[in-house]
Number of protein chains: 2
Amino acid sequence: MGMTNEGERPPGPTGAAFLLAQLGAHAAELFAERLAELDLTPPQGGLLRLLADSPGRSQRELADDLGMPPSRFVAFADELEERGLIERRRNPVDRRLYAVHLTDEGGKLLAGLRKVGADHERRMTDGLSEQERDQLTGLLRRLADRQGLSPGVHPGFRLMRAERSGRGGGRRKG
Amino acid sequence: MGMTNEGERPPGPTGAAFLLAQLGAHAAELFAERLAELDLTPPQGGLLRLLADSPGRSQRELADDLGMPPSRFVAFADELEERGLIERRRNPVDRRLYAVHLTDEGGKLLAGLRKVGADHERRMTDGLSEQERDQLTGLLRRLADRQGLSPGVHPGFRLMRAERSGRGGGRRKG
DNA sequence: TATTGTTATACTCTATAACTATA
DNA sequence: TATAGTTATAGAGTATAACAATA
């Protein structure tokens, strides 16, 4: 009989689902902190990766992939374009569409982002042997598959603040 | 040598860290949906559990545990008190403090919440054998430990919308 | 008429700081 | 003076809908 603890243990947060939520939030937070060193938010990093994989798509398609309304994508893309990381090119065939591309500088930043990602991966699985890490990854992949999660699509970007900013309000001092 | 895929694979989101973030967000979302059936948000459920474990603490302490400012805790507790789930009792020794307690009805709802939690646990680990589930839980617990995550403390409540509501604005129809 | 991209607007959420009462 | 609880306000974020250009 397995050493499970359903019903014998303090019924609180002790199961795999809770640990997944806790570790997932921690991983996302830590990754966001590392990304901030490159002046990127997770959705911004997501777009760069998306553009590297399939360049030239329309804003609407990209907005859909990132899970944000097209209206929001505009300002989102504006900022990255002003920073010289992405580029809008008119589609000569259908002049309503923009084809969004990564610039050279955007490509460079993407390389840095990938380094950060690899480093993050190491830190998150710290303390596990190589075999255990493979074991974990395999189990997680099976769960993700079973839950119908598309590989590579946003880890909850919708729930994170899209833009970096100082929070909140406050009464004026006078 | 392990079948790891660092550097050989499309460098994108394929590692354990990404899967953790993805599955964690999914677990949190799914759990929130189930909680909504009880008209509870995750932070509200968190408070009920907290009160069951250690009743009678002050609002400030509870707010700290939930990771919210005391000012926000007021309205948060108001709603649960109006619904008859929690109760504020004056501390006769230090009349500045409230001692927050679960009511009988709050206790009943907590029982329902635990059922939902157990069910959620089963759904999230669906497709794994009992042995694999134990294996996974063990690995996750070690990671959580190594990352310094306190057992049982909020899985990212801060990043979730605290109150249920229809989103956003929109121009008025006229 | 339908669709892409864009702007305008209204609305929610929430953090900060002032405030009240107790100590 | 300091602390628990509360209220008031400001401001960010963002979804919805109107709008303009093109098909």
Side-chain angles (χ1 to χ4, degrees), chain A residues 32 41-44 47 51 56-82 86-101 154 156-174, chain B residues 32 41-44 46-47 56-82 86-101 154 156-174:
Chain A
T41 63
Q44 287 172 341
L47 179 59
L51 293 181
R57 296 167 65 217
S58 76
Q59 296 192 169
R60 172 168 286 271
E61 285 176 312
L62 294 166
D64 281 353
D65 277 12
L66 291 173
M68 65 173 69
S71 66
R72 190 178 147 200
F73 187 90
V74 175
F76 182 70
D78 281 350
E79 189 192 323
L80 293 173
E81 191 171 37
E82 278 162 28
I86 69 173
E87 193 182 10
R88 287 166 165 118
R89 298 185 199 154
R90 276 283 176 204
N91 182 331
V93 178
D94 186 339
R95 286 165 48 76
R96 289 172 305 181
L97 280 72
Y98 277 120
V100 185
H101 288 268
H154 81 89
F157 288 165
R158 236 163 314 183
L159 301 173
M160 312 198 63
R161 307 252 177 271
E163 312 280 342
R164 188 178 339 293
S165 71
R167 307 283 172 72
R171 188 182 286 182
R172 226 179 25 199
K173 217 188 327 187
Chain B
T41 63
Q44 287 172 340
L47 179 59
R57 295 168 66 217
S58 77
Q59 297 193 167
R60 172 167 286 269
E61 285 176 312
L62 294 166
D64 281 353
D65 277 11
L66 291 173
M68 65 174 68
S71 67
R72 191 180 148 201
F73 187 90
V74 175
F76 181 72
D78 281 350
E79 190 192 323
L80 293 174
E81 191 171 38
E82 277 162 28
I86 68 172
E87 193 183 11
R88 288 167 164 116
R89 300 185 199 154
R90 277 283 177 204
N91 182 330
V93 178
D94 186 339
R95 287 166 46 77
R96 288 173 306 180
L97 280 71
Y98 277 119
V100 185
H101 288 267
H154 81 89
F157 288 165
R158 236 163 314 182
L159 300 174
M160 312 199 63
R161 307 254 179 268
E163 312 281 343
R164 189 181 337 295
S165 71
R167 304 285 172 71
R171 186 180 285 180
R172 227 179 23 198
K173 219 190 319 188

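Chain letters run A, B, ... following the sequence lines, proteins first, then strands; residues in each count from 1.
- Between A:Glu61 atom CD and C:dT4 atom P there is a gap of 9 Å when expressed in whole angstrom units.
- Here the CD atom belonging to B:Glu82 is positioned 6.0 Å from the CG atom belonging to B:Asp78, to the nearest 0.5 angstrom.
- Between the OG1 atom of B:Thr41 and the CD atom of B:Glu79 there is a distance of 7.5 Å, given to the nearest 0.5 Å.
- The CG atom of B:Leu47 sits 5.0 Å away from atom CZ of B:Phe76, with the distance rounded to the nearest 0.5 Å.
- Nucleotide D:dG13 holds its P atom 13 Å from the CE atom of A:Met68, rounded to whole Å.
- No engagement by B:Phe73 is indicated, since no non-hydrogen atom pair under 4.0 Å with the nucleic acid exists.
- In the set C:dA15, C:dT6, D:dG5, D:dG5 carries the atom at the smallest distance from any side-chain atom of B:Gln59.
- Atom CE of A:Met68 sits about 11.0 Å away from atom CD of A:Gln59, to the nearest 0.5 Å.
- Cation-pi contact between B:Arg89 and B:Tyr98: absent, since separation from the ring centre below 6.0 Å together with deviation from the ring axis within 45° is not met.
- Put simply, CZ on A:Arg60 is 7 Å from C1' on C:dT4, counting in whole angstrom units.
- The distance between atom CZ of B:Phe76 and atom P of C:dT12, rounded to the nearest whole Å, is 19 Å.
- One can place CG of A:Leu97 at 13 Å from P of D:dT22, the figure rounded to the nearest angstrom.
- From one end of the helix from C:dT1-D:dA23 to C:dA23-D:dT1 to the other, with five pairs defining each end axis, the axis direction shifts by 20° (rounded to 10°).
- Contact of the A:Val100 side chain with the A:Glu87 side chain is not registered, since no non-hydrogen atoms from C-beta on lie closer than 4.5 Å.
- Within the 4.5 Å cutoff, side-chain heavy atoms of B:Arg57 are placed close to those of B:Asp65.
- Sorted by residue number, the members of residues 88-96 of chain B with any non-hydrogen atom under 4.0 Å from DNA chain C read B:Val93, B:Asp94, B:Arg95, B:Arg96.
- Rounded to whole Å, atom C1' of C:dT3 lies 16 Å from atom CG of A:Leu62.
- With hydrogens and angles ignored, no donor-acceptor pair under 3.5 angstrom links the side chain of B:Ser71 to the base of C:dT14.
- If you check C:dA15, C:dG5, D:dA15 against the side chain of A:Tyr98, the one that comes closest is C:dG5.
- In this entry the distance linking CD of B:Gln44 with P of C:dC13 reads 12 Å, nearest Å.
- The distance from atom CZ of B:Arg72 to atom P of D:dA4 is 19 Å, rounded to the nearest whole Å.
- Side chains of B:Leu80 and B:Gln44 form a contact here, defined as non-hydrogen atoms less than 4.5 Å apart.
- At least one donor-acceptor pair closer than 3.5 Å links the side chain of A:Glu81 to the backbone N or O of A:Arg88.
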